[in-house]
Enquirer: 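What follows is a single structure, and I will ask about it in a moment.
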Amino acid sequence: MALYFSSLHFPSTVANHHHSPTSHTLKTHLLHNFSSPFELKQVHTHLVKTNTPLSNLPLTRVGFVSALTSSFTYAHQIFAHAGVSQVFVWNSCLKMFAESENPGDAVLLFYKLRQFNVFLPDSFTCSFVLKACTTMLDLFNGRIVHGYVEKLGLKSNLFLQNMVVNLYALCGEMGDARLLFEKMSQRDVVTWNIMITQLIKRGDMVEACELFTRMPERSVRSWTVMISGYVQCGKPKEAVELFVEMEGVGVRANEVTVVAVLAACADLGALDLGRRVHEYSNRSGFRRNIRVSNTLIDMYVKCGCLEDARRVFDEMEERTIFSWSAMIQGLAIHGQAEETLRIFYKMIETGMKPNGVTFIGILHACSHMGLIEDGRKLFSSMTRDYGIIPQIEHYGCIVDLLSRGGLLQEAYEFIMNMPMKPNGIIWGALLGGCRVHKNVDLAEEATRHLHQLDPLNDGYYVVLSNIYAQSERWEDVARVRRLMRNRGVKKTPGWSSITVDEVVHEFVAGDETHPQAQEIFRMWEKLLGKMKLKGYVPNTSVVLLDMEEKEKERFLYRHSEKLALVFGLMNTPPGTPIRILKNLRVCEDCHTAFKLISEIVNREIVVRDRNRFHCFKDASCSCRDYW
DNA sequence: CCCTTTGCAC
């Protein structure tokens, strides 16, 4: 149905009666701010009366306020008389709707325009409606618009095709996206990037990799999305390798690439590469990029270089809550509780509002350093002063705080009174406290819950048997081991890694296959002799296997962190710090050994375990043995 | 003249 355009009469000249300044201001205000068709009519009448050209009306706004009301026809007539292109002005309206709070309005307007056959949609019309469908993940209408794209002969429009592929993939219809992708007559680098991005979002790194290999040309974004994909799926080593490859083919990284590769360095503890990327980033002019700086803080923190993290933080001209939280978290895992609290209060002074993550950082600091009272106070101030509802992670911090602090009974009661069902992390924190404070009864209680919640998690069995071993309850140790075997629970292999000259070297316990294995064992024997002179006695109770005492010792001496340390001592210049990363908690015997070794070789040894950092120096550790 | 699609942090 076509619209009837000439129902309104516009006089060419109208006398300007009763024109007071007040009303003029009012009308001017109205001209630019009208928000209803009623006001629009007033403005329109005024324009007619004052003989002002219709083009003075903000026409897109006219469409925006009228399109979905009964004044649709009225707006249409105004456009016709203003002599503007229908497609142009309605497309602008569609764009406004698509970017508004209710993108669905764009879809509604599109159908209305089709219904009244106002104009033939062009590629822009389709793009804005597709944009709306994509924002709302509206597959149903998306398919219909896709149909229009085909019907209108816009199949060769690459922009639109890319949008449709993106829409299908984003709505989870990978099959349809893939089908369209494969049968497109032409694809550009964006098409490939969209497919790769969506495959990665859905966790299909293998297929993403396949496409990445197949694509004819790659942009920075192609490399970046792959690098960040590897980081997201827990393969930072591959991410770094890809970055090096990217540099090799001469593609310049941008801010986003830098953020991704720094995150990989953080996960790997790859300080040297991290520093190099930092310099690269400065040379590229990203010094003032907040996200880059935030990621640098996190990278330095996770590589054990608190001073460098602090320098980046201090040099920032502008900070977000991410900057503060990263710095707070960093100080916390390095055991600097007092400084953590100082910086927290400094943050409050600057007017920055903490969030839930910030509190996880400061509560962590308190529990790592045994500041029980501070922790309790901060926990209650969280809701009272900052309106943050504690999540289960925060309850976990308090259970950890109380348990490590030896207040095991209170921790247990705290768990019982939690407003949510305790999870494995909560009971695990209590269990950890039971190990430190040698409480078998509560350990058994915690384990009962843990076995119910997470029967296949090996960590809990290991800690429980450690606790039995401490009390020399060997039958119970054997019982736990039998239980593990019967339930088919496998101990997570411990590994440690050390990066030398940007190459990551991984070690697993008992590894004798490393090319330098024999050298490592020889050097270990030499160190062992010196350690024994300083009073080292191997703590074989941490070995849970059934074997002779000598055999246990041999096993203990092949712990992955010890192998990594000796390898590091052999392959890095004397006097430089050694940085080791471990996937599990550092073992008690290794902790004792590393303290002594730091003194014997006069080197700083930084170990990042799954919870925190241990900085060994001059025969002591930054955790002050509280961990 | 509406000029459209893909990537990033605690």
Side-chain angles (χ1 to χ4, degrees), chain A residues 55 59-60 63 84-99 106 119 121-132 134 149 154 157-167 169-170 187-201 208 215 218-229 231-232 239 253-264 266 281 286 289-299 301-302 309 312-313 319-333 347 352 354-362 364:
Chain A
S55 56
L59 292 173
T60 306
V84 294
S85 147
Q86 292 292 323
V87 192
F88 173 88
V89 71
W90 285 114
N91 280 353
S92 304
C93 291
L94 286 169
K95 180 175 150 75
M96 270 185 105
F97 279 127
E99 289 166 357
F119 57 81
D122 65 5
S123 61
F124 293 104
T125 318
C126 296
S127 86
F128 298 133
V129 186
L130 275 174
K131 172 85 183 168
T134 307
V149 170
L154 299 169
N157 184 316
L158 201 45
F159 267 113
L160 286 178
Q161 292 299 312
N162 285 346
M163 284 186 92
V164 176
V165 171
N166 190 39
L167 171 82
L170 216 56
R187 307 176 193 108
D188 63 2
V189 67
V190 177
T191 326
W192 290 87
N193 287 352
I194 289 171
M195 284 302 292
I196 291 172
T197 306
Q198 299 306 333
L199 284 166
I200 289 173
K201 270 195 192 151
M215 68 195 292
R218 297 168 188 158
S219 65
V220 207
R221 286 170 94 116
S222 324
W223 290 95
T224 306
V225 75
M226 284 298 291
I227 292 169
S228 89
V231 178
Q232 280 158 32
N254 64 19
E255 291 96 323
V256 185
T257 326
V258 166
V259 166
V261 72
L262 284 174
S281 167
F286 307 153
N289 183 296
I290 298 187
R291 280 197 194 231
V292 168
S293 298
N294 292 349
T295 316
L296 277 169
I297 293 171
D298 190 46
M299 184 275 292
V301 159
K302 290 187 176 153
V312 174
F313 178 82
R319 301 184 186 96
T320 64
I321 189 63
F322 285 89
S323 329
W324 290 96
S325 295
M327 199 61 236
I328 284 171
Q329 149 96 356
L331 290 160
I333 62 175
M347 178 189 102
M352 181 68 73
N355 63 18
V357 180
T358 324
F359 270 96
I360 290 175
I362 50 179
H364 247 122

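Atom set for the values below is all heavy atoms of this structure, side chains included, hydrogens, waters and symmetry mates excluded. Note on naming: letters A, B, ... go to the chains in the order of the sequence lines (proteins, then strands), and numbering restarts at 1 for each one.
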Enquirer: Nearest whole Å is fine: how far is B/dC10 P from A/Leu262 CG?
Expert: 11 Å
Enquirer: Is a side-chain donor-acceptor pair under 3.5 Å present for A/Asn193 with A/Ser219?
Expert: yes
Enquirer: For A/Asp298 and A/Thr295, test the side chains for any donor-to-acceptor distance below 3.5 angstrom and give the result as yes or no.
Expert: no
Enquirer: CG of A/Asn294 to CH2 of A/Trp324: how many Å apart, nearest 0.5 Å?
Expert: 12.0 Å
Enquirer: How long is the span from the CD1 atom in A/Ile328 to the CD1 atom in A/Ile297, to the nearest 0.5 Å?
Expert: 10.5 Å
Enquirer: Base contacts versus sugar-phosphate-only contacts with protein, heavy atoms under 4.0 Å: please encode nucleotides 2-7 of chain B as B, S and - from 5' to 3'.
Expert: BBBBBB
Enquirer: Using whole Å, report how far CG of A/Leu331 lies from C1' of B/dC10.
Expert: 13 Å
Enquirer: Got a second to check how far A/Phe128's CZ is from A/Met163's CE, nearest 0.5 Å?
Expert: 8.5 Å
Enquirer: What's the CE-P distance between A/Met352 and B/dC10, to the nearest Å?
Expert: 16 Å
